[in-house]
2 protein chains.
Amino acid sequence: MEHTSRLVHSPLFEQLRHSLLEKIASGEWAPGMQVPSESELSREYRLSPGTVRKALDFLEDAKFILRQQGRGTFIMDPEGRETIRRFERFRSEDGALVGQTLEVLSHVEDEATDAERANLQIADGSCVRRIVRLRRFKGAPFLYEHIALPAAMLPTARDVDNPEFWIATTARNCGVLLGDAEERLSLAACPEAAAAPLQCEKGETVMRIRGVMQSIDGVPVRWRDAYCVTQDIYYSVPLARRV
Amino acid sequence: MEHTSRLVHSPLFEQLRHSLLEKIASGEWAPGMQVPSESELSREYRLSPGTVRKALDFLEDAKFILRQQGRGTFIMDPEGRETIRRFERFRSEDGALVGQTLEVLSHVEDEATDAERANLQIADGSCVRRIVRLRRFKGAPFLYEHIALPAAMLPTARDVDNPEFWIATTARNCGVLLGDAEERLSLAACPEAAAAPLQCEKGETVMRIRGVMQSIDGVPVRWRDAYCVTQDIYYSVPLARRV
DNA sequence: AAGTGGTCTAGACCACATA
DNA sequence: ATGTGGTCTAGACCACTTC
């Protein structure tokens with residue numbers, strides 16, 4: 001963090017942000033841990049308090065850390081409700097997150113299909129981990145989803161206690177920090193594979209949800225292709241001025 | 001912006017932000033106008049450059065202003081493509097915003113229904129302006145929408161050139177700054193009123209989109225109840241770490 | 001050359017939580 | 001009383017655009 005490194009043409013607060021993100025990704029700073037105080041970081045990195053603050057501002061906005069006046073700064077849990085909530089868009093009529101009954105139908109490692117390669121931006125012949133899951137709300141199935149992850153990036157194959165937090169757990173185990181995502185919703189005819197699990201007819205009009213999640217560096221880490229029959233459930237879309 | 005006003009317990013940068021938002025809302029600072037430089041604002045308001053900067057940071061994040069190094073800071077156009085894009089979630093398969101063919105089917109002022117009063121949080125007996133619109137993509141209708149606006153807040157009744165920017169134009173004319181919104185997507189049976197315009201059968205499964213848009217102060221300004229038959233079109237949901 | 005926003009410094013003081 | 005984050009100051013220098 002010397003002044004000479006200014007030559008790489010990246011501002012100091014950005015370099016610091018990157019350095020701190022690495023500590024979180026590597027697990028050196030684990031969820032729940034207290035981060036050194038701003039003045040300590042300022043001394044360690046030989047940066048002014050203002051510069052340290054600017055780097056932390058970003059980490060706070062992005063929900064990597066939680067700052068509490070008078071107490072300190074803490075690493076947030078990627079599997080915590082607050083963190084996971086942003087990817088869980090289904091709400092019941094009262095506005096609460098829908099109960100998380102989730103069943104893993106299959107889980108295989110296989111060569112990527114054309115669609116998977118295109119969406120995950122991986123090379124020809126690459127492998128993916130493919131998971132098929134079914135979600136229920138009050139016992140009734142409402143979401144049938146295919147998930148594909150680049151096997152090279154997220155190789156962890158061991159079972160996860162709570163499949164709800166599957167991507168978060170896997171990412172953490174592999175030192176990947178989850179970033180933004182885009183999901184695309186449209187109407188579609190229910191495909192044959194989804195019909196039985198969703199207890200509906202093949203060809204029936206259902207909601208299709210497709211989208212890619214990226215790591216904090218912008219690398220695709222998850223491709224989802226899901227079919228949904230909403231009942232007493234809606235998909236909530238927050239539209240903010242700030243992107 | 002004196003130090004005595006610190007007694008109202010609102011930080012100076014927040015007071016300044018509010019003051020600048022008022023200039024934009026009132027039209028004193030009109031779209032496209034150049035804003036006084038940071039150092040000028042610093043002198044005018046007798047605040048340090050850092051404090052002024054923090055207030056402007058917010059306005060930039062929220063897309064009220066555009067800062068350009070070396071040139072200056074400018075008020076953004078609420079009807080500009082960049083600003084409106086965030087509320088226009090429909091994209092064609094190539095990822096571009098869908099063409100904006102829009103037809104106003106009706107436009108009346110009426111006493112609010114129960115649903116409208118509940119969603120717009122207005123008093124019993126209040127009036128709304130109710131607009132029914134139909135959108136087409138390549139000639140084919142895909143979105144039938146009811147819009148309701150609180151008549152007390154957005155009384156402008158005169159016609160707008162481009163109904164696409166209706167809410168933006170109305171809000172600007174009334175000195176209201178648009179803020180965040182939430183939309184709720186679910187499957188629903190196509191109601192009778194929407195069937196004919198959408199060229200589908202009553203009771204057919206379609207996508208329902210309901211949601212409230214708020215002013216920058218958090219006051220509801222628009223309630224939308226729409227029915228959509230997607231074809232070569234999808235609803236794009238951006239999921240960001242930062243809220 | 002002059003003016004703009006972008007980065008960075010090195011402090012001060014306040015609000016708050018904890019011991 | 002101590003330590004934390006939150007606010008604010010008053011500068012400096014750099015990157016960039018425009019004249």
Side-chain angles (χ1 to χ4, degrees), chain A residues 1-20 23-24 29 32-76 82 242, chain B residues 1-20 23-24 29 32-76 82 242:
Chain A
M1 205 64 57
E2 266 101 45
H3 281 61
T4 57
S5 55
R6 205 181 290 187
L7 295 177
V8 302
H9 230 79
S10 160
L12 295 179
F13 73 86
E14 213 169 293
Q15 296 176 39
L16 177 57
R17 170 210 299 174
H18 183 261
S19 169
L20 300 184
K23 281 184 193 286
I24 298 174
W29 284 0
M33 243 188 74
Q34 177 157 10
V35 168
S37 74
E38 299 186 355
S39 54
E40 268 183 84
L41 289 171
S42 175
R43 277 195 304 275
E44 277 182 37
Y45 285 91
R46 298 174 183 283
L47 293 172
S48 80
T51 302
V52 170
R53 191 138 241 284
K54 189 158 183 180
L56 292 177
D57 281 346
F58 172 87
L59 297 183
E60 184 180 34
D61 265 357
K63 309 277 164 55
F64 286 113
I65 60 173
L66 176 65
R67 294 200 276 198
Q68 291 178 273
Q69 190 176 73
R71 296 210 337 110
T73 300
F74 306 86
I75 304 293
M76 291 201 77
E82 325 75 48
R242 328 198 320 163
Chain B
M1 205 63 56
E2 266 100 47
H3 282 60
T4 56
S5 55
R6 206 181 287 187
L7 295 178
V8 302
H9 228 78
S10 160
L12 295 179
F13 72 87
E14 214 169 292
Q15 296 176 38
L16 177 58
R17 169 209 301 174
H18 183 261
S19 169
L20 300 184
K23 282 185 193 286
I24 299 174
W29 283 0
M33 241 187 76
Q34 177 158 9
V35 168
S37 74
E38 299 186 357
S39 53
E40 269 183 84
L41 289 171
S42 174
R43 276 194 303 275
E44 277 182 36
Y45 285 93
R46 297 175 184 283
L47 293 171
S48 80
T51 302
V52 170
R53 190 136 241 283
K54 189 159 184 179
L56 291 177
D57 281 346
F58 173 88
L59 298 183
E60 185 180 34
D61 266 357
K63 310 276 164 60
F64 286 113
I65 60 172
L66 177 64
R67 295 201 275 198
Q68 290 178 274
Q69 190 175 71
R71 295 204 345 106
T73 300
F74 306 86
I75 305 291
M76 291 200 76
E82 324 76 45
R242 330 197 321 163

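Heavy-atom basis, side chains included; hydrogens, waters and symmetry copies ignored. Each chain gets a letter, A, B and so on, in the order the sequences are listed, and its residues count up from 1.
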Whole angstrom value for the distance that separates C1' of D/dG5 from CG of A/Leu41: 12 Å
With sequence neighbours excluded, residues passing side-chain contact (heavy atoms from CB on, under 4.5 Å) with A/Gln69: none
Interatomic distance, A/Leu41 atom CG to A/Leu20 atom CG [nearest 0.5 angstrom]: 6.5 Å
Side chain to side chain contact (heavy atoms under 4.5 Å, CB included) assessment of A/Met76 paired with A/Ile24: CA-CA 10 Å; A/Met76 291 201 77; A/Ile24 298 174; over 6 Å; no
Gap between atom CD of A/Glu44 and atom OG of A/Ser39 - 0.5 Å precision: 10.0 Å
Would you tabulate the pairs of protein nitrogen or oxygen atoms and nucleotide nitrogen or oxygen atoms of nucleotides 2-6 of chain C closer than 3.5 angstrom?
residue	atom	partner	partner atom	Å
C/dG3	N2	B/Gly70	O	3.0
C/dT4	O2	B/Gly70	N	3.2
C/dG5	OP1	B/Thr73	OG1	2.8
C/dG5	OP2	B/Glu38	N	2.9
C/dG5	N2	B/Gln69	NE2	3.3
C/dG6	OP2	B/Arg53	NH2	2.0
C/dG6	O5'	B/Arg53	NH2	3.3
C/dG6	O4'	B/Gln69	NE2	2.8

Minimum-distance nucleotide (side-chain atoms of B/Pro49 versus C/dC8, D/dG11, D/dC8): D/dG11
Derivation of the salt bridge (Lys or Arg N to Asp or Glu O under 4.0 Å) call for A/Glu82 and A/Lys63: CA-CA 9 Å; A/Glu82 325 75 48; A/Lys63 309 277 164 55; over 6 Å; no
Protein-nucleotide distance (A/Arg17, atom CZ; C/dT7, atom C1'), rounded to Å: 13 Å
d(CZ, A/Phe74; C1', C/dT18) in whole Å: 11 Å
B/Arg46 CZ - D/dT9 C1' separation (whole Å): 15 Å
Results of side-chain contact (heavy atoms from CB on, under 4.5 Å) for B/Thr51 - residues two or more places apart only: B/Leu12, B/Phe13, B/Leu47, B/Ser48
For atom CZ of A/Arg43 and atom C1' of C/dG11, their distance in whole Å: 15 Å
